Structures are given as structure tokens and as C-alpha cells.
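Reading through the C-alpha cells given below for one structure.
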Amino acid sequence: MNTSQTYTTHTHQAMQEIKRGISEFIGEEYIASLVERFFTRNERFIVKAGFDPTAPDLHLGHTVLIQKLATFQQYGGDVKFVIGDFTATIGDPSGKSQTRKQLSKEEVLANAKTYQDQVFKILDPKFTHICFNSEWINALGIGGLVHLSSHFSVARMLERDDFAKRYAKNLPISIIEFLYPLLQGYDSVALNCDIELGGNDQKFNLLVGRSLQRSYGLKKEQSVLTMPLLEGLDGVNKMSKSLGNYIGVTENPNTMYAKIMSISDELMWRYYELLSSQSITDIKHIKHDVENGVLHPKSAKERLALEITARFHSKEQAHNAKQEFDNIFSKDEIPSDIICLEFSKDIWICKLLQESKLCPSTSQARRDINAGALKINKEKIMNENLTLGAGEYIIQIGKRRFLKAIIK
């Protein structure tokens, strides 16, 4: 095989990994040419993704994009990890049915610190530049902002699905929300991006960046790659802290491992595709072994849980988490790190579950008890009206939630 054919094969393999799990690709040929130049001339290119630090903690759903950025780094991508400290104060209107609450600068910077602490657990620091978009947006000034606004019409903005729906229902849309896609697009101009990544709900904003690069005379149009939103533990809704179906990247290793082990066998392959660093070929082999009875689905899930837990903690902690999980679920033991809380005597069990945060509300506690999820001292309890007197109790809800209750 000659050199040219070798590079073409490498580029094809790289593109297969880049395209893995994506929702949509715009400008695939351009990306292939950039990857080819990396293999032939060692020329690197700019890949950007923006993250508005609107919440203090990240979950695995957020890391789908970061994992794809890491893939690009293997094939020549220099990552511009844009923390939207300016745009977060506006609030991204994508998918919203009403104007979003604006955050203070202090809230944004505090949240951004969490993002910086976590990003290098996935990305290669040598090829990552963390930047804040206030740097170039503040430099625009009012004149620059007016000039930026002149490149887009209201009609173009109303092509966006969520804006169009709100306009049709006579729901308010603030001018500041129109500015958000323009400012995100201007990030691509300021950084001279070759590729921008985003969730599939971000397509309009990503295309604005492509359009503005033309308007500002850049001799390129960034390619756009969108990723699906990761389903949460329920396998139905997107991963969300508010829905309680999330796996936080700062959760302790035992909790992280146990939550991954709780997902369905079907959802496991989705997590492999979007979160695992293993190659497409390796994942196909694992899936083939499961389908042919060579490998038990639980063993495949253990591999995934170990990989992801080790990524955010360490291999040692991941293996300790596996041992803890096996002890609890195989040997019916109590977690070694069980939380201990004190309560007053004659407390209603639903109130105890709600106050200890084993359940989000007394209503949910009732539902869990009636579903047979409650155990006290390893004995199943179905009485939702139970009150507990003085003593010590091991409370368990479902497979993962434990508490040692000391009632005085």
C-alpha cells in the first residue's frame, strides 16, 4: 500500500470515529480534508464548543460533547473550550417556551470554576484552550454590537423553531434573546473556527456562526456537528438534575458506579456509543459477544461502569466501587459509607424519607413504599403510615439509597 492510500485509510477510520453517535453533519467534506492534512502535513485545526455555566454541576449528559472534542483531538483538533461567561448572563433560549432568567456575573463565575475543574478529566491539556467569551464580546462595544446585529434579520431569527412557536402564540420574546445566537455565532468569528459542536437543539445557533464567518469575510465556513441529548437513567427523558435521572461527574465513585449499573441493558449501548473511549470496533466486539451469549450483559455493563468511574476518579477507586457494589447487591451487605442522621422519636416514615432526601417528597415516599421499595433492617415494609420510635434503623429505598437513622 502506498503512502497516499495509507493516509486515505487513516482518514476514513478517523471519520468513522468522528461520525459515531452524531445527529447531523454539515460540511463533512471540509472536516475530512482537515483530518487528511493532519495526517499528511501534521497541520492542526480549530474545534470549538461553547458551554454556558448556568448550573454549578455537570452530569454525564454534558460530557457527550466533551467526549467528541477529545475524539477530534486525536485527529488534529485544537479545542477551544469556550466558557460563555458573557452569554450565560443572557441565558440560551434554545428549547425554552419563555424568557430565561438571567444569572449574575458572580453566579456564572462560580459555576465556571466547576467546569474548569472537570474538563481535563476528558480533554488533553496540550491541545485545549479554555477561553471566556466576555474577552471578545466586551471588546465589541456598542458600535460593534450594532454592526453585528445588522448581519441578521428578524425574519431569519423567526425561522428558529422555538421563536416561531412563541411568536405564533403571542408569547414574549425579548430582543436580548435575539442577541444570543448572534453572540454565540460571533464566538466562531473571533476564534476563526473550523468546526463547531453542539447539541441537536443548538443547530440554529451553530449555523449563525457559519453565516457570520461569511459576513465578516473569513475565508472559511465552519463545519457543524450536532450531538443527541443523552437519555437519563430512566431511558426516556434527557438526563437532567431536575428530573433526578442524572449521573453527576462530581458524585462519589460508589454512587457513580452504582448508577451506571442501574441502567437498562438496551440503554447501555447508547452510553457505550456516546460516552466510552473504546473504539467502534471494540464496542462491536463486546456487543457481538453479548448477543451470542459469550459475555453476560452485566459483565459488559461492569466494563462501562469501570471505565467511566475511573475517568472521573481513578482506576483504584473504580475497582473499589465495583467491590462495594458487589458486596451490596450480591451479598446483601450495607454500604461502608452509609450516611447516618438523627431524628426525633415517633417520626412518620414518609417524613423521614423526605427529610433525609432518600425521597424528594412525602408523596414520592408513599409511592415508593406502596411499590415495595422500602426496607427497614433488611425487611420489606409496605405500611406508609408507619411511625418509628427510639432506636437505630437501616433504611433502604430501592437498590442504591441507604441511610442509618438514629431516633432519639
Side-chain angles (χ1 to χ4, degrees), residues 13-14 16-22 49 57-75 77 79 115 117-125 127-128 197 227-235 239 245-291 294-330 399-400:
Q13 292 172 343
Q16 289 299 108
E17 286 291 341
I18 287 169
K19 289 159 62 176
R20 163 178 154 185
I22 67 170
D57 44 6
L58 294 170
H59 55 61
L60 291 188
H62 296 119
T63 70
V64 170
L65 278 183
I66 305 174
Q67 194 65 35
K68 187 61 68 176
L69 291 173
T71 299
F72 270 107
Q73 288 184 322
Q74 297 177 47
Y75 305 118
V79 168
Y115 287 35
D117 290 343
Q118 297 303 319
V119 64
F120 291 123
K121 293 181 182 294
I122 301 175
L123 297 179
D124 186 338
F127 305 116
T128 306
L197 278 60
M227 296 297 296
L229 303 177
L230 183 69
E231 295 87 353
L233 299 174
D234 55 11
M239 188 171 286
N245 65 352
Y246 72 103
I247 304 173
V249 301
T250 58
E251 291 195 86
N252 71 67
N254 292 350
T255 301
M256 179 177 285
Y257 184 92
K259 282 188 174 183
I260 296 169
M261 289 299 295
S262 76
I263 64 177
S264 68
D265 292 349
E266 181 181 1
L267 186 60
M268 168 177 66
W269 300 117
R270 178 75 159 166
Y271 279 43
Y272 258 114
E273 180 181 46
L274 296 178
L275 298 174
S276 176
S277 296
Q278 297 185 64
S279 68
I280 295 174
T281 302
D282 288 342
I283 294 172
K284 282 182 178 177
H285 287 158
I286 296 170
K287 192 170 186 179
H288 178 270
D289 287 347
V290 169
E291 290 173 345
V294 177
L295 183 69
H296 195 281
K298 182 174 181 288
S299 298
K301 203 177 297 180
E302 286 173 345
R303 292 185 187 184
L304 179 66
L306 282 169
E307 177 190 351
I308 294 175
T309 305
R311 178 183 302 156
F312 294 102
H313 298 283
S314 70
K315 287 185 178 180
E316 180 183 4
Q317 288 174 302
H319 282 285
N320 289 342
K322 179 184 183 305
Q323 184 63 53
E324 180 81 357
F325 181 87
D326 291 343
N327 288 340
I328 295 169
F329 298 102
S330 300
K399 294 181 178 180
R400 298 192 311 272

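In this chain, numbering begins with 1 at the start of the sequence shown. If you're wondering where the values come from, they're calculated on a predicted model, not measured in any experiment.
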Checklist entry - How many angstroms lie between atom CE of M261 and atom OG1 of T309, to the nearest 0.5 angstrom? => result 10.0 Å
Item to check | Neighbour count >12 (heavy atoms, 6.0 Å) for atom NZ, K315 | outcome: no
Checklist entry - If we only count heavy atoms from C-beta on, is the R20 to E17 side-chain gap below 4.5 Å? => result yes
Item to check | Pair L274-Q67, side chain to side chain contact (heavy atoms under 4.5 Å, CB included): steps then yes or no | outcome: CA-CA 8 Å; L274 296 178; Q67 194 65 35; over 6 Å; no
Checklist entry - side chain to side chain contact (heavy atoms under 4.5 Å, CB included) with H296: which residues, sequence neighbours excluded? => result K298, S299
Item to check | K322 side-chain N/O to L306 backbone N/O, donor-acceptor pair under 3.5 Å | outcome: no
Checklist entry - Side-chain contact, heavy-atom cut-off 4.5 Å: F312 with Q118? => result yes
Checklist entry - T128 and Q73: side chain to side chain donor-acceptor pair (under 3.5 Å), yes or no, with the steps? => result CA-CA 9 Å; T128 306; Q73 288 184 322; 2.7 Å; yes
Checklist entry - How long is the gap from CE on M256 to NE2 on H59, to the nearest 0.5 Å? => result 12.0 Å
Next on the checklist: One pair to check against side chain to side chain donor-acceptor pair (under 3.5 Å): E324 and N320. What are the steps and the verdict?
Outcome noted: CA-CA 6 Å; E324 180 81 357; N320 289 342; over 6 Å; no
Next on the checklist: Donor-acceptor pair, distance only, cut-off 3.5 Å: does the side chain of D282 make one with the backbone of Q278?
Outcome noted: no
Checklist entry - Do S277 and R311 touch side chain to side chain, with heavy atoms closer than 4.5 Å? => result yes
Checklist entry - Checking T63 side chain against I66 main chain: does a donor-acceptor pair fall under 3.5 Å? => result no
Next on the checklist: Looking at E231, is its backbone amide N or carbonyl O close enough to the side chain of Y271 to form a donor-acceptor pair, meaning the two atoms are under 3.5 Å apart?
Outcome noted: yes
Checklist entry - Passes side chain to side chain donor-acceptor pair (under 3.5 Å), T71 versus Q74? Steps please. => result CA-CA 5 Å; T71 299; Q74 297 177 47; 4.6 Å; no
Checklist entry - Is the Lys NZ or Arg CZ of K259 less than 6.0 Å from the centre of Y246's six-membered ring, within 45° of the axis? => result yes
Checklist entry - Under 3.5 Å, is there a donor-acceptor pair between the side chain of E273 and the main chain of R270? => result no
Next on the checklist: Nearest 0.5 angstrom please: E307 CD to E302 CD, how far?
Outcome noted: 14.0 Å
Checklist entry - Between Y272 (side chain) and K301 (backbone), is there a donor-acceptor pair under 3.5 Å? => result no
